[in-house]
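Each chain gets a letter, A, B and so on, in the order the sequences are listed, and its residues count up from 1.
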Amino acid sequence: DMKVTQMPRYLIKRMGENVLLECGQDMSHETMYWYRQDPGLGLQLIYISYDVDSNSEGDIPKGYRVSRKKREHFSLILDSAKTNQTSVYFCASRRQGANTGQLYFGEGSKLTVL
Amino acid sequence: GEQVEQLPSILRVQEGSSASINCTYENSASNYFPWYKQEPGENPKLIIDIRSNMERKQTQGLIVLLDKKAKRFSLHITDTQPGDSAMYFCAAKRANYNVLYFGSGTKLTVEP
């Protein structure tokens, strides 16, 4: 079953606290992504990972870092969360070299930073 | 990178009519253009896509047109139903690159 799973789905944190968002996929996809979605801005790429320990910044990496120690698992970390990081975060995966660019998205993680 | 502009941001249509969403891109190297539908509280899901070797693609009430010269592509939903109400995102991808660049989305409401 092709699935991208995100945990937690909902999270409330105070400003300055650390946040860990986790993502797993069961398709052995090499490439994984973290996007954030804000009204009127669509989906903005935070980080992309090409495989284990092979990560690159996306368009808005500031304030975030990632970790990929296993192909099926990709984490997004916010060290000292800020209120403007309140958003819905989507993880996605894609098979390397696929003839299409289809991304498989997780269900999203809604983060509120107070 | 790539910049994808999507219009309109809000679209309201009557049930049974057609709905059209337009996107433009900047990078002539982009060769793959998917459309995603996102229902409230859910994740985006691919509904149709088109590659640069095609000008038109149709599936199940959806039509995608691609004008490479104008760097423009569009989604047309024929005979809209209330179930078509959702956010729609266009995207563009360059050959040999792993990044999908998304438009800002269109909120489609189909009114009975």
Side-chain angles (χ1 to χ4, degrees), chain A residues 2-7 9-10 21 23-25 27 29-51 54-61 68 74 87-110, chain B residues 1-11 21 23-27 29-54 57 59 64 66 73 86-107:
Chain A
M2 299 189 294
K3 194 168 177 64
V4 178
T5 304
Q6 290 185 233
M7 291 291 288
R9 295 290 313 280
Y10 302 92
L21 302 180
C23 175
Q25 47 100 358
M27 299 167 276
H29 285 171
E30 298 88 345
T31 309
M32 296 186 74
Y33 310 77
W34 276 106
Y35 284 90
R36 66 177 279 177
Q37 183 177 26
D38 301 290
L41 295 177
L43 291 152
Q44 299 176 273
L45 181 65
I46 305 171
Y47 267 94
I48 180 173
S49 175
Y50 298 100
D51 212 328
S54 179
N55 308 316
S56 290
E57 295 179 345
D59 296 321
I60 53 163
R68 188 139 179 234
F74 190 33
S87 187
V88 179
Y89 292 86
F90 283 99
C91 173
S93 73
R94 173 179 173 265
R95 184 168 61 86
Q96 189 84 358
N99 198 30
T100 75
Q102 181 176 358
L103 301 188
Y104 294 86
F105 283 91
E107 298 295 325
S109 295
K110 184 174 182 179
Chain B
E2 175 64 279
Q3 292 277 352
V4 180
E5 299 292 329
Q6 181 173 350
L7 290 172
S9 55
I10 298 173
L11 181 59
I21 304 171
C23 291
T24 58
Y25 60 98
E26 291 186 350
N27 197 318
S30 291
N31 69 343
Y32 175 72
F33 307 92
W35 287 87
Y36 284 79
K37 177 183 180 182
Q38 184 181 27
E39 304 201 46
E42 296 195 9
N43 56 354
K45 294 180 175 66
L46 180 72
I47 53 172
I48 191 170
D49 54 16
I50 190 167
R51 299 191 68 85
S52 58
N53 60 351
M54 301 176 72
K57 186 174 181 180
T59 179
V64 173
L66 173 62
F73 59 113
M87 283 290 290
Y88 290 82
F89 293 96
C90 63
K93 176 187 165 302
R94 291 164 58 188
N96 301 320
Y97 279 76
N98 281 301
V99 179
L100 222 57
Y101 292 93
F102 286 88
S104 54
T106 297
K107 183 177 180 181

Results of salt bridge (charged side-chain N to carboxylate O under 4.0 Å, His left out) for B:Lys45 - residues two or more places apart only: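 Testing B:Lys45 for salt bridge (charged side-chain N to carboxylate O under 4.0 Å, His left out), a comparison that skips the adjacent residues, returns B:Glu42.
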
Heavy-atom pair count under 4.5 Å with chain B, highest-scoring of A:Glu107, A:Gln6, A:Gln44: A:Glu107

Note, B:Phe102 side chain near A:Gln37 side chain (heavy atom, < 4.5 Å): no

Check [X] against [Y] and note the closest heavy-atom contact, atom names and distance.
| X | Y | result |
| --- | --- | --- |
| A:Gly106 | B:Asn43 | O-CB, 2.7 Å |
| A:Tyr33 | B:Val99 | CE2-CA, 4.4 Å |
| B:Ser104 | A:Gly40 | CB-O, 3.5 Å |
| A:Phe90 | B:Gln38 | CZ-NE2, 3.3 Å |

Part of B:Gln6 lying under 4.5 Å from any heavy atom of chain A: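 B:Gln6 has no heavy atom closer than 4.5 Å to chain A.
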
Sequence neighbours excluded - salt bridge (Lys or Arg N to Asp or Glu O under 4.0 Å) pairs with any residue from residues 33-45 of chain A: A:Arg36-A:Asp38

Residue A:Met7 excluded, over 12 heavy atoms near CE under 6.0 Å: no

Flag, side chain of A:Tyr50 to backbone of B:Asn98, donor-acceptor distance under 3.5 Å: no

A:Leu103 backbone acceptor or donor facing B:Tyr36 side chain under 3.5 Å: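 Yes, B:Tyr36 side chain to A:Leu103 backbone: donor-acceptor pair under 3.5 Å.
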
Chain B contact via A:Leu45 - side chain, backbone, both or neither, heavy atoms under 4.5 Å: side chain

